[in-house]
Amino acid sequence: MSGRADDTVALITGGASGIGLATAHRFAELGAAGVALLDRDTTALDSAAVTLADRFTGLAVQTITLDVTDAAALAAAFDDVVERHGRLDHVVNNAARMTGLPVFPDLAPPRVAEVLQLNVEAVVVGCMLAHEHLADRGGSVTCTASGAGKVPFPSDPLYGASKAAVIMFVRSAAATFAESGIRLNAVCPSLVDTPMLHGSVEGRPELAAALAVAPTLSADEVAEVLVGLALDPDAVGQTPSVLPET
């Protein structure tokens, strides 16, 4: 499934850390000419840019600080990436969050809206913008979903519901994207050792204890599958699970 990314440009939301940053490294390893990292954490973006530049001589690294739930800012970021690099080939809609405290059903309605806006609405808008920019030349759009969207996730049902929505959106929209020469897919990892996962158990000692003994994936393992899927010319509407090796 793995191919080459020679001379291509990838835009990655949530790109400052975790799966997003690992994905940028993987694209660069496979020959990408440029990566654009979108994230709301400026400090983490600056660190990520230095790490990538030190490791990959000649890689064009662009960082854009924004909240991806701001549709106008996200649209402007896509335009900026194309203007700077002269092209865009791969889009990775990766930014997401877990619900945090207080847990369901005690969370306030505004928190419900925040989670769904980031995990679902921003992904759909990101796909729409990707379609706008890739329709004339083809490419790939890959969304980071979750195994929590395939099986019940009692510790955070809102997060699970949001990822299930991403999975069904990708499966439903893939044919429309394919008509424009764009491969739309998603990856569905199980637990991944990232800052988001560890932040999700803060204040929940029972979950922290369970996490300490649970098998987890590394961000690099997920990125390898994600980028391989993005570069697979035959992958359309795929939502593979990514599980730790046993």
Side-chain angles (χ1 to χ4, degrees), residues 12-21 23 38-45 65-74 77 92-129 142-173 186-217 219 222 226 239 241-244:
I12 305 164
T13 71
S17 64
I19 295 171
L21 180 55
T23 296
L38 281 56
D39 204 289
R40 62 182 181 181
D41 188 335
T42 302
T43 301
L45 280 173
T65 303
L66 84 167
D67 182 340
V68 296
T69 64
D70 182 337
L74 187 58
V92 180
N93 291 305
N94 170 71
R97 62 165 295 175
M98 301 185 83
T99 304
L101 295 176
V103 298
F104 181 87
D106 297 325
L107 67 164
R111 176 62 59 82
V112 175
E114 290 172 6
V115 172
L116 295 179
Q117 187 177 20
L118 176 57
N119 291 7
V120 182
E121 182 178 338
V123 170
V124 173
V125 172
C127 288
M128 293 166 62
L129 291 168
T142 312
C143 302
T144 304
S146 172
K150 289 186 171 182
V151 298
F153 193 52
S155 65
D156 193 343
L158 180 59
Y159 177 79
S162 71
K163 291 304 185 177
V166 171
I167 292 168
M168 189 52 65
F169 172 78
V170 166
R171 291 175 176 171
S172 300
V187 292
C188 302
S190 61
L191 295 175
V192 187
D193 187 5
T194 63
M196 184 180 77
L197 178 62
H198 290 284
S200 72
V201 300
E202 291 181 2
R204 304 180 70 182
E206 76 288 352
L207 280 186
L211 177 61
V213 297
T216 58
L217 294 158
V222 179
L226 189 157
T239 58
S241 299
V242 187
L243 304 171

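Just so you know, residue 1 is the first one in the sequence shown, and it goes up from there. Values below: all heavy atoms of this structure, side chains included; hydrogens, waters and symmetry mates excluded. Because the structure is predicted, anything quoted here is derived from the model rather than measured.
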*Nearest-0.5 Å distance that lies between atom CG in Asn119 and atom CG in Asn93*: 11.5 Å

*Output, in order, the C-alpha distance, side-chain angles, deciding distance and verdict of side chain to side chain contact (heavy atoms under 4.5 Å, CB included) for Leu38 and Leu74.*
CA-CA 9 Å; Leu38 281 56; Leu74 187 58; 3.8 Å; yes

*asked:* For Thr216 and Asp193, which I'm curious about, is there any donor-acceptor pair between the side chains at under 3.5 Å?
replied: no

*asked:* Nearest 0.5 angstrom please: Leu118 CG to Arg97 CZ, how far?
replied: 7.5 Å

*Please step through side chain to side chain contact (heavy atoms under 4.5 Å, CB included) for the pair Ser146 and Phe153, ending with a clear verdict.*
CA-CA 10 Å; Ser146 172; Phe153 193 52; over 6 Å; no

*Knowing that exactly one of Ile19, Thr194, Thr23 qualifies, which makes a side chain to side chain contact (heavy atoms under 4.5 Å, CB included) with Val222?*
Ile19

*Calculate, to the nearest 0.5 Å, the distance between atoms NZ and OG1 belonging to Lys163 and Thr239 respectively.*
13.0 Å

*Mind listing the closest non-hydrogen atom pair of Val120 and Ala165 along with its distance?*
CG2-CB, 4.0 Å

*Closest heavy-atom contact between Thr13 and Ala95?*
OG1-N, 3.0 Å

_How close do Val123 and Cys143 get, counting heavy atoms only, and between which atoms?_
CG1-SG, 3.7 Å

*Give the intermediate values and the outcome of side chain to side chain contact (heavy atoms under 4.5 Å, CB included) for residues Ser190 and Leu217.*
CA-CA 7 Å; Ser190 61; Leu217 294 158; 3.6 Å; yes

*From Thr65 OG1 over to Arg40 CZ, what is the distance, rounded to the nearest 0.5 angstrom?*
12.0 Å

*If you look at every heavy atom in Ala145 and Ala186, which pair is closest and at what distance?*
CB-CB, 4.3 Å

*Which pair of non-hydrogen atoms, one from Ala71 and one from Val125, has the smallest distance, and what is that distance?*
CB-CG1, 4.3 Å

_Val166 side chain near Thr144 side chain, heavy-atom distance below 4.5 Å_ = no

*Nearest 0.5 Å, what's the CG-CZ distance between Asp106 and Arg111?*
12.0 Å

*Measure across Lys150 and Ile167 and return the closest heavy-atom pair with its distance rounded to 0.1 Å.*
CG-CD1, 3.8 Å

*Flag, side chain of Asp156 to backbone of Thr99, donor-acceptor distance under 3.5 Å*: yes

